[in-house]
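These notes concern the structure reproduced below.
It should be emphasised that the depicted structure is a prediction, and the values quoted were computed from it without experimental measurement.
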Amino acid sequence: MENIELINIWKEQNVKIEKTLTINKLLLKETIGRKAESTLNGLVKLKTAGIVAFVFYLLILGYALFYAISNYSSASNYFIVSVSAIALINIKGFADYIKHLAWTKNINYDGSIMEIQKQLSKLQLSIIDHAKIMCLQFPFFTTFYLSDNWFPQNVGLPYIIFQIILTGSFVYFSFWLYKNHKPENLNKKWFRNLIAGSGGKSVEKAIEFYREIEEFEKKNG
């Protein structure tokens, strides 16, 4: 009889412990959800401000292109090609910001942890891809001011060499950045700082919050 009573007491205590762990997990999830939502509110503000900035920037680029094409001369060739490339890349960036804002707002913090983590990882990868594409515009900022009227025929060899080195350096730098924008570099501080301006820091914080739940489950599993 004593053994049966001990087993029953043990079972009751085990049930209480499981209930406590379940409640603690739910409370932890709720707390983490609030912290993640608060962190991602910063991302929402960043993307909203970025969308507005993109609109004004694209309008300026569009007007400049319209003016150059309307008053076309061969002297504008460098400008038209360079600004067109910059505009196309920024249109992609604009679309990315809208997509990121929509994805962030659609996260259901009451949903399953796995689904939230999946959404955050998807958002993080998209931010990396966005920053990767934006790097491709850098070389065009070294060519838009050139003109067929004076380059290269009316400048000295030193300036030609300078221009080649300048543009070549930006091409190499742009390619290096493009190649190194990958998830494998998220453990490197310089890379996290690089994508922070696109919202990478906020998403990384939210992901870290949900890792706390994984740690809790491991310790109490």
Side-chain angles (χ1 to χ4, degrees), residues 23-62 86-138 141 173-174 176-219:
I23 292 170
N24 287 342
K25 184 181 175 181
L26 289 172
L27 290 172
L28 178 61
K29 182 188 174 186
E30 187 178 337
T31 302
I32 294 296
R34 285 199 301 267
K35 288 166 68 177
E37 187 174 10
S38 176
T39 297
L40 291 176
N41 279 338
L43 181 64
V44 170
K45 292 176 182 177
L46 173 69
K47 294 298 176 180
T48 302
I51 288 169
V52 174
F54 265 119
V55 169
F56 282 105
Y57 187 47
L58 288 172
L59 284 173
I60 292 170
L61 292 176
I86 293 170
L88 286 173
I89 292 168
N90 278 274
I91 287 171
K92 172 65 168 63
F94 176 61
D96 285 340
Y97 264 50
I98 293 174
K99 179 173 66 177
H100 295 162
L101 181 61
W103 286 359
T104 305
K105 282 183 165 293
N106 285 334
I107 294 175
N108 178 17
Y109 299 96
D110 294 324
S112 70
I113 296 170
M114 187 177 293
E115 183 59 30
I116 295 171
Q117 288 177 316
K118 184 179 175 182
Q119 288 175 306
L120 290 173
S121 295
K122 180 182 175 183
L123 181 58
Q124 186 180 57
L125 289 174
S126 187
I127 286 173
I128 292 172
D129 287 339
H130 160 80
K132 182 179 185 177
I133 296 299
M134 295 302 289
C135 293
L136 297 177
Q137 66 184 309
F138 297 155
F141 286 103
F173 180 59
S174 180
W176 184 86
L177 285 174
Y178 180 87
K179 188 175 66 172
N180 283 281
H181 271 72
K182 50 189 177 182
E184 294 90 324
N185 284 331
L186 281 169
N187 62 331
K188 299 174 182 176
K189 187 177 180 180
W190 68 264
F191 182 68
R192 293 197 302 272
N193 290 337
L194 199 62
I195 63 170
S198 298
K201 188 174 182 180
S202 297
V203 179
E204 181 62 28
K205 276 187 179 179
I207 290 173
E208 285 294 330
F209 290 149
Y210 281 99
R211 285 186 185 137
E212 291 180 27
I213 298 179
E214 289 182 349
E215 291 299 319
F216 177 83
E217 289 178 337
K218 286 178 183 177
K219 289 178 181 177

Report the distance from atom [atom1] of [X] to atom [atom2] of [Y], rounding to the nearest 0.5 Å.
X	Y	atom1	atom2	result
Y109	S38	OH	OG	9.5 Å
S198	L43	OG	CG	10.0 Å
N185	I128	CG	CD1	8.5 Å
I107	L123	CD1	CG	6.0 Å
L186	L125	CG	CG	8.0 Å
Q117	F209	CD	CZ	13.5 Å

Only one of N41, V203, L40 forms a side chain to side chain contact (heavy atoms under 4.5 Å, CB included) with T104, so which one is it?
->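 Output: one option passes, namely L40.
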Do the side chain of [X] and the main chain of [Y] share a donor and acceptor less than 3.5 angstrom apart?
X	Y	answer
T39	S202	no
R192	K201	no
K179	S174	no

So do the side chains of [X] and [Y] get within less than 4.5 Å of each other, counting heavy atoms only?
X	Y	value
L177	L194	yes
D129	I133	no
E115	N108	no
I89	M134	yes

I'd like a table of donor-acceptor pairs (distance under 3.5 Å, sequence neighbours excluded) in which one partner is a side-chain atom from residues 90-99, with atom names and distances.
residue: N90; atom: ND2; partner: I86; partner atom: O; Å: 2.7
residue: N90; atom: ND2; partner: Q137; partner atom: OE1; Å: 3.0
residue: K92; atom: NZ; partner: D96; partner atom: OD1; Å: 3.0
residue: K92; atom: NZ; partner: D96; partner atom: OD2; Å: 3.0
residue: D96; atom: OD2; partner: H130; partner atom: ND1; Å: 3.2

E208 vs E204, side-chain contact (heavy atoms from CB on, under 4.5 Å): CA-CA, chis, key distance, verdict | CA-CA 6 Å; E208 285 294 330; E204 181 62 28; 3.3 Å; yes
For W176, enumerate each residue passing the ring pair (Phe, Tyr, Trp, His ring centres under 6.0 Å) test, keeping only those at least two apart in sequence or located in another chain.
->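 With sequence neighbours excluded, W176 shows a ring pair (Phe, Tyr, Trp, His ring centres under 6.0 Å) to W190, given in chain and number order.
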Mind checking what makes ring pair (Phe, Tyr, Trp, His ring centres under 6.0 Å) contact with F191, not counting sequence neighbours?
->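 Here the qualifying residues are H181.
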Take atom NZ in K182; do more than 12 heavy atoms of anything else shown fall under 6.0 Å from it?
->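 It does: K182 NZ has more than 12 such atoms within range.
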